[in-house]
Number of protein chains: 2
Amino acid sequence: MSKPATPIPSELLKLDNQLCFPLYAVSRLFTKAYQPLLQELDLTYPQYLVLLLLWEHPELTVKALGEKLLLDSGTLTPLLKRMEQRQLVSRRRDPRDERSVIITLAPAGQALQHRAECIPEALLAKLQLSPDEFNQLRSQLTRLLTQLS
Amino acid sequence: MSKPATPIPSELLKLDNQLCFPLYAVSRLFTKAYQPLLQELDLTYPQYLVLLLLWEHPELTVKALGEKLLLDSGTLTPLLKRMEQRQLVSRRRDPRDERSVIITLAPAGQALQHRAECIPEALLAKLQLSPDEFNQLRSQLTRLLTQLS
DNA sequence: TGCTATTTGATTGTGCACAATGTAATGTTG
DNA sequence: CAACATTACATTGTGCACAATCAAATAGCA
């Protein structure tokens with residue numbers, strides 16, 4: 001059962017034994033699974049995440065969005081500008097602290113909410129996961145998330 | 001315990017109840033955890049993945065790499081060209097099928113292997129995961145991976 | 001054999017992701 | 001209150017990621 005191939009990488013250097021690769025690949029596959037659903041709303045997955053937050057909290061600073069999504073201004077600024085151009089959100093400086101930029105849900109962004117309501121269930125159906133598996137995986141990942149961030 | 005906020009998104013439209021967001025965020029945090037280790041080898045995470053495969057199989061077509069990593073030529077071609085410029089790999093057409101491009105591990109790429117050997121363990125240490133948790137999470141993710149791909 | 005379909009990469013264009021740097025506003029400290 | 005540090009974003013540059021399109025090579029078939 002040995003592998004006589006010329007280069008013998010340690011077992012740990014094999015793709016199959018890593019945790020990160022399946023994480024990386026599954027994450028991209030998930031985003032791809034969202035894509036046809038989000039395309040109908042003309043949204044990318046990160047834009048959808050921003051809207052998820054704004055549907056809960058119609059006003060958030062860039063900093064708050066960044067903290068919740070773990071994204072920095074180099075990612076969020078251009079993304080939010082694109083969303084502003086499409087009038088999904090509006091951007092204005094906080095008059096009480098001119099350093100902050102407040103992102104507000106615009107009517108068009110608000111209007112997308114009810115069209116997005118079917119997305120989580122549609123995605124869940126694609127996954128074919130039992131509720132048990134779903135919850136177990138979710139709790140493990142959220143625990144890892146708080147642990148790493 | 002109700003939420004009287006103005007917009008009331010369905011529970012499923014909340015970030016906290018989703019599976020995809022923690023997946024997406026943890027995946028990026030993992031890549032970030034690799035970054036300081038990979039920086040010493042001047043590699044990005046996707047480049048490291050390509051090398052992991054070439055250390056096992058010193059010759060692979062672009063197609064084979066793409067199938068294993070779930071990446072298409074639009075991602076791999078420029079990535080492999082950068083790696084070729086740095087003489088980590090070499091690229092040549094398969095004489096028996098001129099459509100295929102064979103990627104071969106070059107000496108400099110081979111030489112990185114032993115410098116990379118410490119990476120998996122170093123990363124494992126960062127995670128603070130018990131072997132049980134590690135294996136459980138890995139098996140769940142790999143199962144999802146085969147299921148989705 | 002010639003014609004069509006498929007396969008394999010390459011190219012183009014858009015949108016993240018993030019490191020590094022810059023800048024204006026705000027805090028803080030002596 | 002002036003000097004300095006910190007904060008919140010913006011900008012720049014690099015590298016994925018992927019959809020869409022293209023071109024060349026090969027396979028399959030009438």
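Quantities reported herein were computed from a predicted structural model and do not represent experimental measurements. Each chain gets a letter, A, B and so on, in the order the sequences are listed, and its residues count up from 1. Computed over heavy atoms, backbone and side chain alike; hydrogens, waters and symmetry mates excluded.
Between A/L53 and A/L65 the shortest side-chain heavy-atom distance falls below 4.5 Å. At least one side-chain heavy atom of B/L54 sits under 4.5 Å from a side-chain heavy atom of B/V89.
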I'd like a list of close polar pairs between nucleotides 17-20 of chain D and the protein, N/O only, cut-off under 3.5 Å.
residue: D/dA17; atom: OP2; partner: A/Y24; partner atom: OH; Å: 2.4
residue: D/dC18; atom: OP2; partner: A/R28; partner atom: NH1; Å: 3.1
residue: D/dC18; atom: N4; partner: B/G74; partner atom: O; Å: 3.3

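The listed nucleotides are D/dC9, D/dC16, C/dT11; the one nearest the side chain of B/T77 is C/dT11.
As judged by a 4.0 angstrom heavy-atom cut-off over every strand, A/T31 is placed among residues making no nucleic acid contact.
Between B/K126 and B/E121, no side-chain nitrogen of the basic residue sits less than 4.0 Å from a carboxylate oxygen of the acidic one, so the salt-bridge criterion is not met. Between B/E84 and B/R91 a salt bridge is recorded (basic side-chain N to carboxylate O distance below 4.0 Å).
B/E67 places its CD atom 8 Å from the P atom of C/dT8, with the value rounded to the nearest Å. Between B/L65 atom CG and C/dA10 atom P the separation is 12 Å, expressed in whole Å. Across the protein-nucleic acid pair, A/F21 atom CZ and D/dC16 atom P stand 15 Å apart, rounded to whole Å. In this structure, A/L43 places its CG atom 14 Å from C1' of C/dC16, rounding to the nearest Å. In this entry the distance linking CG of B/L80 with P of D/dG15 reads 14 Å, nearest Å. For the pair B/K63 NZ and C/dA10 P, the interatomic distance rounds to 14 Å; values are reported in whole Å. To the nearest angstrom, C1' of D/dG15 lies 19 Å from OH of B/Y48. If you take CD of A/E84 and C1' of C/dG15, they are 17 Å apart, rounded to a whole angstrom.
With a 6.0 Å cutoff to the six-membered ring centre and a 45° limit on the axis angle, A/R28 does not count as a cation-pi contact of A/F30.
Using bins of under 30°, 30° to 60° and over 60° for the plane-to-plane angle, the ring pair B/W55/B/Y48 lands in the perpendicular bin. Between B/Y24 and A/Y45, the ring planes lie perpendicular to each other; the angle is over 60°, past the 30° to 60° tilted range.
Residues of residues 86-100 of chain B having a heavy atom closer than 4.0 Å to DNA chain D, listed by number: B/R96, B/D97, B/E98, B/R99.
For the atom pair A/Q147 CD and B/L29 CG, the distance stands at 11.0 Å (nearest 0.5 Å).
Within 6.0 Å of CD on A/Q87 lie no more than 12 heavy atoms contributed by other residues, nucleotides or ligands.
Between B/K81 and C/dT11 there is a side-chain N or O to OP1 or OP2 distance below 4.0 Å.
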